[in-house]
Amino acid sequence: MFRWGFRARILVSFLLLIIFALTLLGSYLLWFFYRQNLEDQTAHLVTNAKITERLIVEYMNGPTEKASIDEKIKELSTQINLRITIIDTSGTVLADSWENPASMENHLHRQEIETALTSDYGTAVRYSSTIGQNMLYAAITIKHGHEIIGTVRTATTLGPVEAAYSNIRSTLLAAIFVASLLTILLSISLARKYTTPIEEITAAAKDIADGDLDRRIHVRTGDELEILAHTLNKLTSNLEDKINETSAEAKKLSLILQHMDNAVLLLDRYGRVTTANKRAREIFSITDAMIGKHSIEVIGNSILNQTIHTTITTNQNQFINLKINIDGSKRVFQVFFAPITLSEHAVVGVLSVFHDITTMQEIHERQIDFVANASHELATPLTAIKGFAETLLDGALESPELSVKFVSIIQTEAERMNRLIKALLQLAKLDSQEYRQQIQLEEIALEPILNTVTTELMPQAKQKNITIIFESSSDLTIALTNYDWIKQVIVNLVENAVKYTPNNGKIILKCWQSDTTAFVSIQDNGIGIPYKDLPLIFDRFYRVDKARTRNAGGSGLGLSLVKFIVEMLGGEIRVQSKVNYGTTFTFSQPLAATSKQDLTNS
Ligand code: ADP
């Protein structure tokens, strides 16, 4: 529609311009030609009228002379080819070269006569029905001295002038017609020249607007259209760059958001969840269907809802610690809320970031427990030492028997404190990641360690008449481990076995290997551990029977150290126990490459 409109507009404009210009020019020329001819003819008629006046003035004096005027005029007319009419002051026609004056009506009120009587001469153009053409009349007065005695009128037909006028007009119309035809052809070709690039630019602009940003315009007109096309190309390429940049940024942000370890929720100003990242969906079990629902429905916590409301109304960041139950387990989150503003005061939503501090909180709580337990464990022997020392000072020293008894209690308690502090120091050491990284792993044969520990603890066992048997296999089991720490593990486990096995008991140590793993077991036939306590015995300061184990000199740290060391060195520990039947601890360590080769060779 536009295409034809534009072309038609060019065509009509050119056409109107040409027609208007030619019409104006032609009309002026026609008018000029006609007027010029009329003036020439009038001058000619006036001159001839003047000549005639000179010739006939003497015949105007008497009636006889007047009667001969008509004859004279008719004679004269044959020579100058004009119509001549003589009229007296009353308007009576005295002579006429074409007609009989007697039959002619009074001419006093003819326009040319009336004008001639008041000025130099008078003219008029009138249609003559006699000859069927327009006639030009010119009249002057006949004067005798200063007295007007009549009028001479000369007339000629305007036929030739009008014929020429009509000829010129036809020529002009033909010229306008030809010029219009040429204009139409010219404007069609011009319109094509100008509209083709415009059409191309328009089509390209439409494609670009529809999203085809790879579209480019190739126009070589060398004028403003080429500049326009070039500018449009540049604009598109800039737009493409900007869109690419923006979508890359958006992608980056979405990637960050999706892979963030923290749960992120975006809420609108009414508290409805609009976006939830992967973590948030996992933690709060958010499905697509839940997006768009209120936070109360999604998270089910009124404190959260209140804080969202506060963030919106105050337009300020908020921080809360949120404790919620998720799938039956207690979780603690530090939640940060930030208002999302478009203009200065218009809050359109809230960003909330959930930082899961459950583990941190647990560690913190465990640390508090640990300090309380450690203080308590230290306070017990310290109170005993202090009490017995005071008793001694208060006079018990006087009695050698009591002195020996109390001092040996003080020694036992001090040893217990010493063991406790040693265990605490070991735990602290192992808690340090730096220290753990320094621990060297070597290929170590386990049988010699078991032998050494058996020998070392034999005196303790003998006190309770406990037998320690080491059932060694024929091959050496070589583990990839650390000598000191693995010996500590075995010592702790055998010491426990001795401690919790009544007199005359039996402890069996075993060592064996599978394809990739070395195993050590310490089995006793002692008091055993109740089933309900089994999952807890590796916890720090946990003791099955506090009074009994404290008497046995236990601190509750031994097994937690054992588990920590075994796992740190790449192994696992398991326990099997039955009350009054005995307990078996089995731990593993990675098998050394040498042992593996031996295994494949054999
Ligand atoms: P403790 O220094 O008190 O022995 P541990 O951490 O070594 O602390 O042991 C934790 C608890 O496990 C002990 O208090 C004891 O009740 C129980 N226990 C450990 N080893 C044995 C065992 N061989 N037989 C029975 N009970 C055991």
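Keep in mind that the numbers below use all heavy atoms, side chains included, and drop hydrogens, waters and symmetry copies. Both counts, for ligands and for their atoms, begin at 1 and track the order of listing. Just so you know, these numbers come straight off a predicted model, no measurement behind them.
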Quick check: [X] and ligand 1, any N/O pair under 3.5 Å apart?
X: G558; value: yes
X: V544; value: yes
X: I537; value: no
X: D524; value: yes
X: R543; value: no

R215, R216, K234 screened by salt bridge (Lys or Arg N to Asp or Glu O under 4.0 Å) with E240, the one that passes: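 When salt bridge (Lys or Arg N to Asp or Glu O under 4.0 Å) is applied between E240 and each of R215, R216, K234, only R216 qualifies.
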
Test item: I529 and V579 side chains (from C-beta on) under 4.5 Å apart, heavy atoms: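 Counting from C-beta outward, I529 and V579 never come under 4.5 Å.
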
Ring centroid separation F336 to F354 under 6.0 Å: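 Aromatic pair excluded; centres sit 6.0 Å or further apart.
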
Lys/Arg N to Asp/Glu carboxylate O, K251 vs E245, below 4.0 Å: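 The answer is no: the pair does not qualify as a salt bridge.
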
Side-chain donor/acceptor of K464 to backbone N/O of K499, under 3.5 Å: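 A pair under 3.5 Å: yes.
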
Between Q523 and Q576, a side-chain donor and acceptor under 3.5 Å: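 Looking only at side-chain atoms, Q576 and Q523 do not form any donor-acceptor pair under 3.5 Å.
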
Residues T583 and S577: side-chain donor-acceptor under 3.5 angstrom: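 Distance-only check passes for T583 and S577.
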
Proximal atoms of ligand 1 relative to Y542 (non-hydrogen, under 4.0 Å):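 Counting from 1, the qualifying ligand atoms are 10 (C), 11 (C).
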
Sub-4.0 Å atoms of ligand 1 with respect to non-hydrogen atoms of L559: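 Answer, ordered by atom number: 5 (P), 6 (O), 7 (O), 9 (O), 10 (C), 12 (O), 19 (C).
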
Ligand 1-proximal atoms of L557, by part, heavy-atom distance under 4.0 Å: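 Answer for L557: backbone.
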
Residue part near ligand 1, for I529, under 4.0 Å between non-hydrogen atoms: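 Under 4.0 Å from ligand 1, I529 contributes side-chain atoms alone.
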
Sub-4.0 Å heavy-atom contact, G526 with ligand 1: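 So G526 does not count as touching ligand 1.
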
Proximity flag K499 to ligand 1, non-hydrogen atoms under 4.0 Å: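 It does; at least one heavy atom falls under 4.0 Å.
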
